[in-house]
Structure formats: C-alpha cells, structure tokens
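Keep in mind that this is a model prediction, so the values were computed, not measured.
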Amino acid sequence: MLTLLIGIIVLVGAGYLGFVFYQRRTIKMATDVYENKRDLNKIPLDDEFALAKKMNLTGESHKKYDQLYNKYQHYKNQMLPNIDEGIEAVKEDGKGINFLKTKSDWQTANQAISDADSTLKEIQAGLAQLYDLNKQHKLALEELEKKYKRLREDILNKNQSFGPSIDNLEKMLSDIEGTFDEFTQLTKSGDPNSAEDVLSDLNTSTNKLESYMDRIPKLYQLLSKEFVDQVNEIEAGYQELKGKQYNFPNDKFAENIQGLRDQLKVNTNKLKTLEVDSVEKATKDIADRIDKLYDAIDNEFKARPNVEKNTQVIGEYVEHVRKQNNDLQLRLESLNKSYVLNHQEIENNHQFDQQISTIEKKYQDEVTAIQNGAAIFSKIDADQKQMIKDLGQIESEQKNLFQATVKLPQQEQSARNALAKFDLEMRNKKRRIDNHNLPGLSDDYQDAFTAVIREINHLDDAMNQPQIDIDDISKQLIIIQSDMDTLEEKTDQLIDDATLAEQTIQYANRFIGSNSEIAAASKTAQMYFDQKYDYEQSLSIISKALEKQSSGMFTKIKDDYFNAKKRFKSEKSDADDQ
C-alpha cells in the first residue's frame, strides 16, 4: 500500500514538473515571436513615405507611390493586428496542455511575421527605386543639357563640314530637343517612371545624332573633295598617257570615270537624307574602283621602260638562239652521216626551230604595235618576260643537245681503243696458255674463249659500219668487258690448277714405289691431266692422296707456288713502271 502511494506521488510529481517545463517553453516561444515582431518596427517607412510625398510625384510614378502606400496601410491595419492576435493565441494556449495547437499557433504567427517582413522590403525597394530614378533623371538632365549645348555649337560652328546633311541634322537636333523638353517636364513634375521611357528614346536619338556628326564630315570630305580630285587626276593622267601612245587593255576609262562621278552625286544626295550607313558602304566601293584605275595607269606607266629596254634585247636573243639552232642543225646533219642518232636529236632541233619561229612572230607583231602606237605595254611586258624565259629554256636544251652530240667522236675513239685493248688481251691470254705447253684445253674453257673472240669480232664489224650506233657499241663494250673479266678468272684458275697439278704429281712420284695408293692416285691424276685436260680434277685427286701420305705437304707446295707468283707480278710491275 505504501509502495502504491509512493508511485502515485512520483507520477504526480513528474506530471507537475512536465507541465511546468511545457509552460516555460510556451512562454519562451511567445517571447521569441514577440521579439521577431519588434524587428519589423525598426524600418522607418513612415518617414520614407513622407519624403517620397515631398517629391510631388505625378502620372505613373504617383500611381506607383499610391500602390506602395496602400500596401503599407494593409501592413499596418491588417498584418500587424493579425500578428498580435497570433502572439496572444500562443500565450493563451500555453496555459493549457494542448501541445499541438500551441505549436500550430506559433508557426502561424512566425509565418505572418515572415510575410510582413517581405512586404516591408518590397515597399522599401519600391520607394528606393522612386528616389533613384528621380536622382538619375536629375543627373541625366544636367548631362543632356551640356551635350545639347555642345551639339548645337558644333552644328553652328562646323556647318560647312556637314555639307548637304546640315538641314536634316538641325531638324534631328530640334526633334531631340523637343523630346528633351518633355523629359525635363516629366522629371520636374515628379513622374520619374514616365520620364524613364522618354529618356531611353532620348539617349537612342542623341547617340545616333552624335554618330552622324562624327562620321558625316569625313564622308562629305571624301565625296566632295578627295574622290573628286582623284577622279580628275585619273582623267588627266589617262588623257596624258593616251597622248603619248599608251593604250589600256579593255579600255573603259571614260565609262568608269563617268560612273564614278554619278556614284559621287548619288551618295552626296544620300548624305542629305542622312543615309550614312549606305554612304559608308558606297565609299569603300568607290575607293576600290579608283584604286583599280590608278593601278591600270601605273601598270602601263611602269611597263613601258621595261618594254623599251627588252625589245632590243629580245631581238638580239632571238637571232642568237636562231643562229645557234642553225649551227646545231648543220652539226647534226654532218654527224648523222657517220652515227646513228637514237635520241630524236634532229626532231628536237626542228622543234626548237618551230618554237623560235613562234616567239619571233609574236615579237615582230608587238614591235609593229609599238611602232604604230597601238601597244599595250603591260601586256607586252608580260609577254616579253615569258619570251626571255622560253628562249632561255631553248638555249639550255640546245646546249644539252650539243654536249650530247659532241661526245660521239670521243665515244667512238674510246670504243676503238677498247677494241684494240680487248684484242691485245686475248692475244696475251693465248700466249700465256701456250707458254705452259699444256696438252690441251677443256671444252668449257674453249667455249668461253671462243665466245669472247666472237663478241670482239661483232664489235669490230659494228665499228666499221657507215653509220656507227654508239648506244649499241656502248652496250657491247660493257658485255665484252664483263666476259673478259670472267675469262681472265678462268684463265688464271686453269694455269694455277695445271701448274700445281704438275708440280704435285712430280713430287708424289717419289712415293710410287713405296705407296701403292699414291701410285694409283698419280696414275689417275696424270690421265685427267693428259687426256681429259681437267686440271682441277687432276689436282684434287693427287693433292688428297699426298696429304694422306704426308700431312701439310700439299699446303707447302701450294704456298710456295703462290708466293713465287706474287713475287713475279711485283717484279714485273716494277719493271713496267721503270
């Protein structure tokens, strides 16, 4: 029973403490809401509305002021009382134990304060905009007054530089000043919103006028002075050059000059109506057309000295190349009697003649045009440069052809010398072989020897033809020299094998009585030597048998032979040098 009583007392105590904590929390919530409301009163909007009212706003600006003031009254008369009611509701609910309703009232009160804060900021921003516009318009008013005064002075003091544009520029300035008066009136009467719209148009028009006043003097100077002087100068220069027998390709100077003057007139009228962008574009086209006419005159003026200098040079150059080609023709006709000309030498010579004739005809036609006063010097200058280039090319090819033909007699003599050398070398080979008193020669060696003799005879026949074909002879020389080199190697090999075989057999004969194997090898080797003339096989058989009997003996015989051969060649070379 006592325990139950104690439990009840504890529960009651805990409930009481919880209730006390809840009431304190509710009081704090209400206090926080109240403090948030106090922050709203820190913005002095009453004073700001009083200042705005002194601006004597009218029109759209006054409407905006009224909207802001009505919104402020709604804030004071409805939003603030609603906030107070919410705070009271939080306090009252805090006395009971309805936690959910207390929290809902607290959230509603805070949201009402947030909405009120946003409304105050909107009102304040709107008033600031009215102040700023009013201040900006006063500054703009001062700046525009200065600008219009300067523009009026420029138009008055520089009216000559604007040419036919002056009337419309003055009208444009007058219209802008009318708009400025409207802007001034709206600003002073307290309607900055309407004044802002007018100010935008006013700035656009003013900038346009300033741009025109900056660009028109230069354009008028071009159209009325610079271009006119240039066209007159071109016309005078053209007439002067025509009087000195200058001519122009596709001559349309008169039409172009008149077209330029018409274009100047049209664009001067466009300046009058302030079509400035169109005039600027046109002046670029006019400048390009004038530059082209200047270039045409300059080209002819510069070309004439070149033509006068090169005319004589080319005439002499044509004669030189013509004479050189005739000399080359005579030389080719002479050579063609003794040599076969395989490289179209005569055809190339004829082609040179045709090219020279073509250049000569054009040259004579242009000389006639110069004499008749019908020359277009720029065209002739270009033609003459090409003539000089073409004549140089012909001359170079003539020299190459001459160099090729001048070598034919030299090549013939070289071939005859080579033929004599081949014949001598073949005689020497035969003598070398005969000196060794060999029993005979193999079919293979005789075929190679005979083939070279046959090639030499064929070359000799070719050299004794009425017309010598140097190209064919050169090819034969290459083949014979190659076959001669091969035959020389075979001859050396044949003599070396025969001499060594003979020496080795002689040395091996001392072992015949005591060594039946060497006796048999010696007999076989002698048979290959005497009957088949296969000295290589003879040497192979006897050297192997001797090495088997006495190792290193054949190597010594061979070394002694080649050392002696080497000494003989060296002594012979020294004797030949002496």
Side-chain angles (χ1 to χ4, degrees), residues 144 146-177 179 201-244 246-304 376-378:
L144 287 171
K146 295 177 183 177
K147 183 178 289 188
Y148 295 141
K149 181 180 179 181
R150 178 176 55 79
L151 291 175
R152 171 59 68 185
E153 289 176 352
D154 286 347
I155 287 179
L156 181 64
N157 296 331
K158 303 176 183 178
N159 62 334
Q160 293 295 326
S161 66
F162 298 115
S165 305
I166 188 65
D167 291 340
N168 277 320
L169 289 175
E170 288 180 342
K171 181 179 181 303
M172 191 175 180
L173 180 61
S174 178
D175 292 342
I176 290 173
E177 286 176 338
T179 306
D201 294 338
L202 191 58
N203 282 328
T204 300
S205 300
T206 304
N207 291 337
K208 192 173 184 180
L209 176 61
E210 282 186 306
S211 174
Y212 285 171
M213 290 177 66
D214 181 58
R215 294 152 64 194
I216 286 174
K218 181 180 179 181
L219 296 173
Y220 180 62
Q221 173 71 10
L222 286 173
L223 295 173
S224 64
K225 177 64 178 170
E226 290 186 28
F227 286 160
V228 172
D229 290 345
Q230 289 172 352
V231 170
N232 291 338
E233 184 179 42
I234 289 170
E235 185 176 40
Y238 169 76
Q239 294 297 340
E240 182 181 354
L241 292 182
K242 287 293 289 182
K244 295 179 180 179
Y246 283 83
N247 298 284
F248 298 86
N250 303 316
D251 189 354
K252 294 183 180 179
F253 264 81
E255 296 91 325
N256 288 330
I257 289 170
Q258 186 57 49
L260 283 168
R261 285 177 172 150
D262 292 341
Q263 199 172 1
L264 292 175
K265 185 177 180 181
V266 167
N267 282 282
T268 300
N269 289 332
K270 284 185 177 181
L271 271 188
K272 183 177 181 180
T273 55
L274 302 183
E275 298 176 58
V276 179
D277 292 339
S278 175
V279 173
E280 275 187 336
K281 185 177 179 181
T283 55
K284 294 178 182 178
D285 178 61
I286 293 170
D288 288 342
R289 292 178 63 186
I290 287 175
D291 287 342
K292 288 178 181 178
L293 293 179
Y294 270 124
D295 288 343
I297 290 176
D298 192 50
N299 287 342
E300 297 307 318
F301 187 76
K302 288 181 177 179
R304 185 165 187 168
I376 298 175
F377 291 108
S378 61

Does Lys302 come within less than 4.0 Å of Asp295, counting only side-chain N to carboxylate O?
-> no
Glu300/Arg304 ion pair, N-O < 4.0 Å
no
Value rounded to 0.5 Å, distance of [atom1] in [X] from [atom2] in [Y]:
X      : Y      : atom1 : atom2 : answer
Asn267 : Glu280 : CG    : CD    : 11.0 Å
Leu271 : Arg215 : CG    : CZ    : 10.5 Å
Gln239 : Glu235 : CD    : CD    : 6.0 Å
Thr283 : Tyr220 : OG1   : OH    : 15.5 Å
Leu274 : Asp167 : CG    : CG    : 10.0 Å
Phe253 : Leu260 : CZ    : CG    : 10.5 Å

Practice prompt. Quick one: do Lys242 and Phe248 satisfy side chain to side chain contact (heavy atoms under 4.5 Å, CB included)? Show the steps, please.
Written response: CA-CA 9 Å; Lys242 287 293 289 182; Phe248 298 86; 4.2 Å; yes
Side chains of [X] and [Y], heavy atoms from C-beta outward: is any pair under 4.5 Å?
X      : Y      : value
Ile234 : Asn256 : no
Ser224 : Thr268 : no
Arg289 : Leu293 : no
Asp285 : Gln263 : yes
Phe227 : Ile290 : yes
Leu222 : Ile286 : no

Does one side chain, of Glu233 or Tyr294, offer a donor that lies under 3.5 Å from an acceptor on the other?
yes
* N/O donor-acceptor pair under 3.5 Å between Ser211 side chain and Asn207 backbone -> no
Item checked: Intermediate values then yes/no, side chain to side chain contact (heavy atoms under 4.5 Å, CB included), Asp277 and Lys270 -> CA-CA 10 Å; Asp277 292 339; Lys270 284 185 177 181; over 6 Å; no
- request: Check the pair Lys225, Asp229 against salt bridge (Lys or Arg N to Asp or Glu O under 4.0 Å), reporting the backbone distance first and the verdict last.
  value: CA-CA 6 Å; Lys225 177 64 178 170; Asp229 290 345; 3.1 Å; yes
### Query
Do Lys244 and Glu240 pass the salt bridge (Lys or Arg N to Asp or Glu O under 4.0 Å) test, and can you show the C-alpha distance, the side-chain angles, and the key distance before you say yes or no?
CA-CA 7 Å; Lys244 295 179 180 179; Glu240 182 181 354; 3.3 Å; yes
